[in-house]
Peer 1: 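To start, I am sharing the structure in question, which I have written as structure tokens.
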Amino acid sequence: QVQLVESGGGLVQAGGSLRLSCAASGRAFSGLAMGWFRQAPGKEREFVSGITQIGGITRYADSGKGRFTISRDNAKNTVYLHMNSLKPEDTAVYYCAADKDWSVGVRREPLEYDYWGQGTQVTVSS
């Protein structure tokens, strides 16, 4: 079993930045591919970004390309999502997810991830 705890959400003005963190425990972190998803009220959960186990491959949704950066620190069992130039449409609950299976690339579908955090709220005011 893997426990994931997100932090770093909050209220920020449009154009601002936030760094989300997700601390993992319960399983060798280096063996987990990690992803960030978000869910706005009334909308489905959507892929934001992901990173493979060794960190060599990253992937972003079009909405975050050029603004968001995912990274991981296997020594700290933590994955990060740096978000810059935030927009009101980025407002959502952001979830960290872990995929215990090895694959060639980053998976985008929520069902492909095995473990989830509780989420952290990000609110961007205009």
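It should be emphasised that the depicted structure is a prediction, and the values quoted were computed from it without experimental measurement.
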Peer 1: Do the non-hydrogen side-chain atoms of M83 and Y94 ever get within less than 4.5 Å of each other?
Peer 2: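 Counting from C-beta outward, M83 and Y94 do come under 4.5 Å.
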Peer 1: Test the R38-Y95 pair against the cation-pi criterion, namely NZ or CZ under 6.0 angstrom from the six-membered ring centroid and within 45° of the ring axis.
Peer 2: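 No, a cation-pi geometry is absent between R38 and Y95.
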Peer 1: With a 4.5 Å cut-off on side-chain heavy atoms, are F29 and K76 touching?
Peer 2: no
Peer 1: Are the side chain of T52 and the backbone of I57 linked by a donor-acceptor contact shorter than 3.5 Å?
Peer 2: yes
Peer 1: Measuring only between side-chain heavy atoms, which start at C-beta, is V48 closer than 4.5 Å to Y60?
Peer 2: no
Peer 1: Tell me, do R59 and S49 make a side-chain contact under 4.5 Å, heavy atoms counted?
Peer 2: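 Result no, sub-4.5 Å side-chain heavy-atom pair not found.
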Peer 1: I'd like to know if the side chain of N84 reaches the main chain of S17, judged simply by a donor and an acceptor atom lying under 3.5 Å from each other, with no hydrogens or angles considered.
Peer 2: no
Peer 1: Any ion pair linking K65 and D62 (charged N to carboxylate O, less than 4.0 Å)?
Peer 2: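 Salt bridge present between D62 and K65.
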Peer 1: Do D73 and T78 have side-chain N/O donor and acceptor atoms under 3.5 Å apart?
Peer 2: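 Side chains of D73 and T78: no pair found under 3.5 Å.
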Peer 1: Checking R67 side chain against S63 main chain: does a donor-acceptor pair fall under 3.5 Å?
Peer 2: yes
Peer 1: Is it true that F47 and F37 have ring centroids separated by less than 6.0 Å?
Peer 2: yes
Peer 1: Out of curiosity, E46 CD to Q39 CD, how far, rounded to the nearest 0.5 Å?
Peer 2: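 Rounded to the nearest 0.5 Å, the CD-CD separation comes out at 9.5 Å.
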Peer 1: Do the side-chain N and O atoms of T91 and E89 include a donor-acceptor pair separated by under 3.5 angstrom?
Peer 2: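 There is no such pair between these side chains.
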Peer 1: Is there a side-chain contact between M34 and C22 in this structure, where contact means two heavy atoms from C-beta onward sitting under 4.5 Å apart?
Peer 2: yes
Peer 1: Partners of Q118 by side-chain hydrogen bond (donor to acceptor under 3.5 Å, both in side chains), sequence neighbours excluded?
Peer 2: E6
Peer 1: Under a 3.5 Å cutoff, is there a donor and acceptor pairing between the side chains of R19 and Y80?
Peer 2: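 No, Y80 and R19 have no side-chain donor paired with an acceptor closer than 3.5 Å.
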Peer 1: Are side-chain heavy atoms of V122 and L20 found at a separation under 4.5 Å?
Peer 2: yes
Peer 1: Is the shortest heavy-atom distance from the side chain of L18 to the side chain of L86 under 4.5 Å?
Peer 2: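 Sidechains of L86 and L18: in contact.
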Peer 1: Check whether any side-chain heavy atom of N77 sits under 4.5 Å from a side-chain heavy atom of R72, and report yes or no.
Peer 2: no
Peer 1: Output yes when a side-chain donor or acceptor of Q53 lies under 3.5 Å from a complementary backbone atom of D101, and no otherwise.
Peer 2: yes
